[in-house]
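Working notes for the structure below.
Quick note on labels: first sequence line is chain A, next is B, and so on, each numbered from 1.
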Number of protein chains: 2
Amino acid sequence: MAQSDTVTRILDTAEVLFAERGFAETSLRNITSKARVNLAAVNYHFGSKKALIQAVFARYLDPFSERFHSALDALEARYEGRDIPLEVLLETMATTVLEVPAERNSLKVFMRLLGLAYSQAQGHLRRYIQHEYGDVFSRFTELVRRATPDLPDAERFWRLHFMLGTVIFTLSGLDALRDIAEKDYHQQVSVRDLVRRLRPVVVAAMNAPLPDEKDMEPHADTVAH
Amino acid sequence: MAQSDTVTRILDTAEVLFAERGFAETSLRNITSKARVNLAAVNYHFGSKKALIQAVFARYLDPFSERFHSALDALEARYEGRDIPLEVLLETMATTVLEVPAERNSLKVFMRLLGLAYSQAQGHLRRYIQHEYGDVFSRFTELVRRATPDLPDAERFWRLHFMLGTVIFTLSGLDALRDIAEKDYHQQVSVRDLVRRLRPVVVAAMNAPLPDEKDMEPHADTVAH
DNA sequence: GATTGTTTAAAACATCCGTTTTCATGGAGA
DNA sequence: TCTCCATGAAAACGGATGTTTTAAACAATC
């Protein structure tokens, strides 16, 4: 067998099974038998199951991080210090996200993995991702901050995560939603179609009026310093 | 020990552990030892682990379904056949959702369980919920349909699920987001505060302009020049 | 007061798990 | 050629899991 073909086969199989059933529900025997490699190969090449999981993420996030940095470089160069409009930033991120897994035609897998990482138990994966790729996201959120100067920092933080939830939930649960949608409306749903529907919703959500102050909670206000 | 106190203790412990670590990662020995109950008690009272999981859901969804039906009854009576405004419908659902787990102070647990059910592997839980509580949701979506007559059916379907994703993702990942938010902004975040922030975002998202028809085609050029 | 349903304790069952080990084969580079 | 490394097959390790069983207590009801 060719050099390290085994590594690729393990990763290809593992990411699909992880996305389908989660990490704990996927055994190394599941992976190695479906990938037709030796059981010991995982521990030989990756060291442990946990390291395998991180390698699966790295294979998506490394190229994403690199491309997104480049895309932001290009944007900043084009706008020459002027603020980049929110729509352009969101569009750029969407494009990059769609580009990366396109080669393996597995955006759904990518999104399910992200959702799993977020909802993971002790969050050791979230910490790994934050530590490894935090700078790209910081750079992005800083640009979003300049694009929405009227939005209080806390409000922007929450709305970005609201929209992150929308995207991850929708694209990671794509199969389930597709089932329901096609049963109810007899229509095909493509990822591009979904992204098209998402765009105005996300923009409108980010630009929504600020919440009413009057039903603010009466607890001791924490003064920022 | 009092009659069936064991059942309650099992359910109380199981829902917390399930929400924290997922179903597969929570063993019956975890549950029974933390609940200070005999290991065999789960199989004695519920029959199997799968039945336990469904019982955990039923304890939330039974009262929710009943209260939500009542709330919708009251709304329909008050509006006497006139369409109920979207804001009122959303507010009613939010109120009911907040009411149910309030007694146990565990909205987060409720939301995490819902999120787990959605993202579950083979979706046997989703099917169980759909089969058991589908009528309430159908009733709600029908009222939403009348409240948004200008929205195409497919568009409304997707936007409702977009917002479902927002709410489930936010409230189920509350601890993680709270960590980040408090580290970045040194502010306390309560559930009521989050719901207050969610309201205008959800309304704006539902009322967003329809997606552009022009980038419906094979592939639109994405990034602005 | 006997019966019935709960609860506990303890042990065992058969599986499955992640990981390690041993032995053998073959290819690649020094 | 010899050495290193990847791969394979097979087995075993220790441990955890869901489930079942047996035994003995306890409480409530008829």
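Atoms CZ and CD1, from B:Phe137 and B:Ile129 in turn, are 7.5 Å apart once rounded to the nearest 0.5 Å. Put simply, CZ on B:Phe18 and NZ on B:Lys49 are 6.0 Å apart, with the number rounded to the nearest 0.5 Å. The distance from atom OG1 of A:Thr96 to atom CZ of A:Arg67, rounded to the nearest 0.5 Å, is 8.5 Å.
A:Asn38 has its CG atom 13 Å from the P atom of D:dA11, to the nearest Å. Between the C1' atom of D:dA27 and the CG atom of B:Asp5 lies a distance of 13 Å, rounded to the nearest Å.
Contact annotation: B:His45 side-chain N/O to C:dT7 OP1/OP2 distance is under 4.0 Å. Considering only side-chain N and O atoms, A:Tyr44 lies nowhere under 4.0 angstrom from the phosphate OP1 or OP2 of D:dT7.
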Is there any protein nitrogen or oxygen under 3.5 Å from a nitrogen or oxygen in nucleotides 16-20 of chain D, and what are the pairs?
from   : atom 1 : to      : atom 2 : distance (Å)
D:dT17 : OP1    : B:Ser27 : OG     : 3.2
D:dG18 : OP1    : B:Lys49 : NZ     : 2.8
D:dG18 : OP2    : B:Leu28 : N      : 2.8
D:dG18 : N7     : B:Arg29 : NH1    : 2.7
D:dG18 : O6     : B:Arg29 : NH2    : 3.0
D:dT19 : OP2    : B:Asn43 : OD1    : 3.3
D:dT19 : OP2    : B:Lys49 : N      : 3.1
D:dT19 : O4     : B:Arg29 : NH2    : 3.4

request  = Evaluate the criterion side chain to side chain donor-acceptor pair (under 3.5 Å) for residue pair A:Tyr133 and A:Asp62; output intermediate values, then yes/no.
outcome  = CA-CA 8 Å; A:Tyr133 308 96; A:Asp62 282 343; 2.8 Å; yes
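Using a cut-off of 4.0 Å between Lys/Arg side-chain N and Asp/Glu carboxylate O, B:Asp135 and B:Arg139 are scored as not salt-bridged.
Between the side chains of A:Asn30 and A:Ser27, a donor-acceptor pair is found at a separation under 3.5 Å.
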